[in-house]
Amino acid sequence: MHHTAIIFLEFGAVLLGLGILGALALRVGISPIPLYLIAGLAFGTGGVLPLATSTDFLEIGSELGVILLLLTLGLEYNADELVTSLTGNARAGIVDLVLNAAPGAICALLLGWGPVAAVAMAGVTYATSSGITAKVLSDLGWLGNRETPTVLSLLVFEDLTMAVYLPVLTTLLAGLSFVQGAVSVGIALLTVSVVLVVALRFGRVIEAFVRSPNSEVLLLKVVGLALLVAGLAQQLQVSAAVGAFLVGIALSGQLAEDAHALLAPLRDLFAAVFFVFFGLQTDPAKILPVAGLAALLALVSMITKLLTGMYAARRAGIAKAGQARAGIALIPRGEFNIVIAGLAVGAGVHPDLGALAAAYVLILAAFGPLAAKLVQPFITAIAKRAA
């Protein structure tokens with residue numbers, strides 16, 4: 001059979017299957033994310049029905065999903081709100097770093113994997129999945145809540161921290177000199193600073209360039225600009241997601257609302273592909289031997305993220321129900337964590353690191369959305385009691 005025909009058949013089957021799973025999730029009243037992840041496990045290496053040729057296509061689609069998720073998230077806020085939130089939550093961001101990097105680093109050291117593995121595992125347990133959290137906030141209708149800007153500021157703080165962390169990690173993995181590592185970190189910081197300054201100082205110019213009365217032209221301009229900035233950011237060792245998010249915050253008012261409405265269906269399509277591809281990367285056979293340790297590490301991380309979210313929300317003057325929502329929204333792990341583990345495994349740090357990270361992330365990627373849905377009635381009860 002022709003190669004293109006196989007890709008169409010596989011991709012069509014995946015999308016149709018996701019549609020059925022999504023309908024089932026709506027009927028049961030849960031987030032579809034865990035079902036999408038399970039579907040990825042079923043279609044991946046070691047699964048029930050591994051895909052033959054469409055994985056490269058799905059990989060590109062999954063990266064587009066993360067970019068579109070963060071782009072639409074950025075459209076919800078403007079640059080002034082971002083800066084105010086970041087400066088007001090810097091202390092909470094540091095608490096987030098210390099509380100959530102520690103479990104991974106301590107685990108690696110206790111297992112005797114060495115200091116480089118400890119640095120890698122610190123990143124695996126630290127970073128919340130911006131993509132999954134954005135989806136949870138949207139699915140549960142939490143985007144308009146008072147605690148959501150606090151959650152977003154922590155996510156942005158983490159992404160900006162990753163802009164420093166990733167060059168440092170790659171330097172350690174490659175055994176480069178201090179000078180080479182410092183240059184790499186400097187380039188990353190300069191890139192983020194330039195994009196943020198452009199968003200703050202020249203937002204109106206960007207809006208004038210993007211604005212169009214025609215929805216097709218508007219869609220093409222917004223997506224094209226987001227992809228260009230995301231690609232530039234990634235080329236300079238900064239997260240593509242950070243670049244897309246900053247493009248979103250550069251747009252505001254009616255233009256942002258129009259762009260959000262146009263992007264929503266496209267975002268949902270590629271976001272579903274992202275979650276499936278995440279599952280595709282995980283071999284179920286490698287998860288079982290480290291499942292117990294991964295579950296214990298996940299439990300510790302849930303507690304530290306809950307404490308982080310509650311601390312940040314309390315500092316912002318948010319009530320107990322909002323504090324609980326903020327902590328729960330930070331639980332999921334995803335794209336950054338797998339990338340970090342992949343870098344470490346590729347450098348030959350330790351053969352078990354990849355399996356442990358995959359099992360850990362899979363637990364939190366699946367449980368995070370479920371936890372948010374399951375505890376919603378309790379949070380509502382807390383809010384009523386406080387009132």
- Straight-line distance of Glu158 CD to Tyr126 OH, nearest 0.5 Å: 4.5 Å
- Task: Following the transitive rule for hydrophobic clusters with a side-chain heavy-atom cut-off under 4.5 Å over Ile, Leu, Val, Met, Phe, Trp and Tyr, establish whether Val136 and Met310 coincide in one cluster.
- Result: no
- Task: Enter the distance from Phe157:CZ to Leu152:CG here, rounded to the nearest 0.5 Å.
- Result: 15.0 Å
- Honestly curious: do Leu71 and Val217 fall in one hydrophobic cluster under the side-chain, below-4.5 Å linking rule? no
- Distance-only, no hydrogens or angles: does the Gln323 side chain make a donor-acceptor pair with backbone N or O of Ile318 under 3.5 Å? yes
Atom pairs and distances, side-chain donor-acceptor, residues 93-105, under 3.5 Å, sequence neighbours left out:
{"unit_1": "Asp96", "atom_1": "OD1", "unit_2": "Asn100", "atom_2": "ND2", "d": "2.7"}
{"unit_1": "Asp96", "atom_1": "OD1", "unit_2": "Lys305", "atom_2": "NZ", "d": "2.9"}
{"unit_1": "Asn100", "atom_1": "OD1", "unit_2": "Thr304", "atom_2": "OG1", "d": "2.6"}
{"unit_1": "Asn100", "atom_1": "OD1", "unit_2": "Lys305", "atom_2": "N", "d": "3.4"}
{"unit_1": "Asn100", "atom_1": "ND2", "unit_2": "Asp96", "atom_2": "O", "d": "2.9"}
{"unit_1": "Asn100", "atom_1": "ND2", "unit_2": "Thr308", "atom_2": "OG1", "d": "3.1"}

- Leu110: which other cluster members, linking ILVMFWY side chains closer than 4.5 Å, directly or transitively? Ile106
- Go through Leu69 and Ile132 one step at a time and tell me if the side chain to side chain contact (heavy atoms under 4.5 Å, CB included) criterion holds. CA-CA 9 Å; Leu69 277 168; Ile132 298 178; over 6 Å; no
- Note on the structure: Those residues at least two apart in sequence (or on a different chain) that pass salt bridge (charged side-chain N to carboxylate O under 4.0 Å, His left out) with Arg146 are none
- Item | Gly327 versus Leu306, closest heavy-atom pair with distance | C-CD2, 3.7 Å
- Val14 and Val273: CA distance, side-chain angles, deciding distance, side chain to side chain contact (heavy atoms under 4.5 Å, CB included) verdict: CA-CA 9 Å; Val14 168; Val273 173; over 6 Å; no
- Message: Are the side chains of Thr128 and Ile331 in contact, using a 4.5 Å heavy-atom criterion?
- Response: no
- State, yes or no, whether a side-chain contact exists between Thr133 and Leu330 at a heavy-atom distance under 4.5 Å. no
- Message: If hydrophobic clusters are built from ILVMFWY residues whose side chains come within less than 4.5 Å, do Leu220 and Leu262 share one?
- Response: no
- Message: Would a single hydrophobic cluster contain both Phe367 and Leu299, if residues Ile, Leu, Val, Met, Phe, Trp and Tyr are joined by side-chain heavy-atom contacts under 4.5 Å?
- Response: no
- Query: With sequence neighbours left out, which residue pairs that include part of residues 253-280 fulfil the salt bridge (charged side-chain N to carboxylate O under 4.0 Å, His left out) condition?
  - Reply: Lys135-Asp268
- Task: First locate atom CG of Leu155, then atom OG1 of Thr150, and finally report the distance between them rounded to the nearest 0.5 Å.
- Result: 11.0 Å
- Message: Does Leu255 form a side chain to side chain contact (heavy atoms under 4.5 Å, CB included) with Leu218? I'd like the steps, not just the answer.
- Response: CA-CA 9 Å; Leu255 176 61; Leu218 177 61; 3.5 Å; yes
- Mind checking the CE-CG spacing from Met302 to Leu297? Nearest 0.5 Å is all I need. 10.0 Å
- Please identify each residue that fulfils side chain to side chain donor-acceptor pair (under 3.5 Å) with Glu147, with sequence neighbours left out. Asn145, Arg325
- With rounding to the nearest 0.5 Å, note down the distance linking CG in Leu225 to CD1 in Ile206. 6.5 Å
- Item | Contacts of type side chain to side chain contact (heavy atoms under 4.5 Å, CB included), residue Val205, not counting sequence neighbours | Phe202
Identify every side-chain donor-acceptor pair in residues 340-366 under 3.5 Å, counting partners at least two apart or on other chains, and give the distances.
{"unit_1": "His350", "atom_1": "ND1", "unit_2": "Asp352", "atom_2": "N", "d": "3.1"}
{"unit_1": "His350", "atom_1": "NE2", "unit_2": "Trp113", "atom_2": "NE1", "d": "3.2"}
{"unit_1": "Tyr360", "atom_1": "OH", "unit_2": "Ser301", "atom_2": "OG", "d": "2.8"}
{"unit_1": "Tyr360", "atom_1": "OH", "unit_2": "Arg333", "atom_2": "NE", "d": "3.4"}
{"unit_1": "Tyr360", "atom_1": "OH", "unit_2": "Arg333", "atom_2": "NH2", "d": "3.3"}

- Query: What heavy-atom pair brings Ala329 and Leu137 nearest, and what distance separates the two atoms?
  - Reply: CB-CD2, 4.2 Å
- Transitively linked via ILVMFWY side-chain contacts under 4.5 Å: Tyr311 with Ile303? yes
- Closest heavy-atom contact between Ala256 and Leu75? CB-O, 3.7 Å
- Task: Determine whether Thr125 and Val300 make a side-chain contact, defined as any pair of heavy atoms from C-beta on separated by less than 4.5 Å.
- Result: no
- What pairs with Glu216 under side chain to side chain donor-acceptor pair (under 3.5 Å), at least two apart in sequence or on another chain? none
- Item | side chain to side chain contact (heavy atoms under 4.5 Å, CB included) between Leu111 and Leu293, intermediate numbers included | CA-CA 11 Å; Leu111 291 172; Leu293 179 58; 3.8 Å; yes
- Query: Listed by chain and number, what are the side chain to side chain contact (heavy atoms under 4.5 Å, CB included) partners of Leu269, not counting sequence neighbours?
  - Reply: Leu15
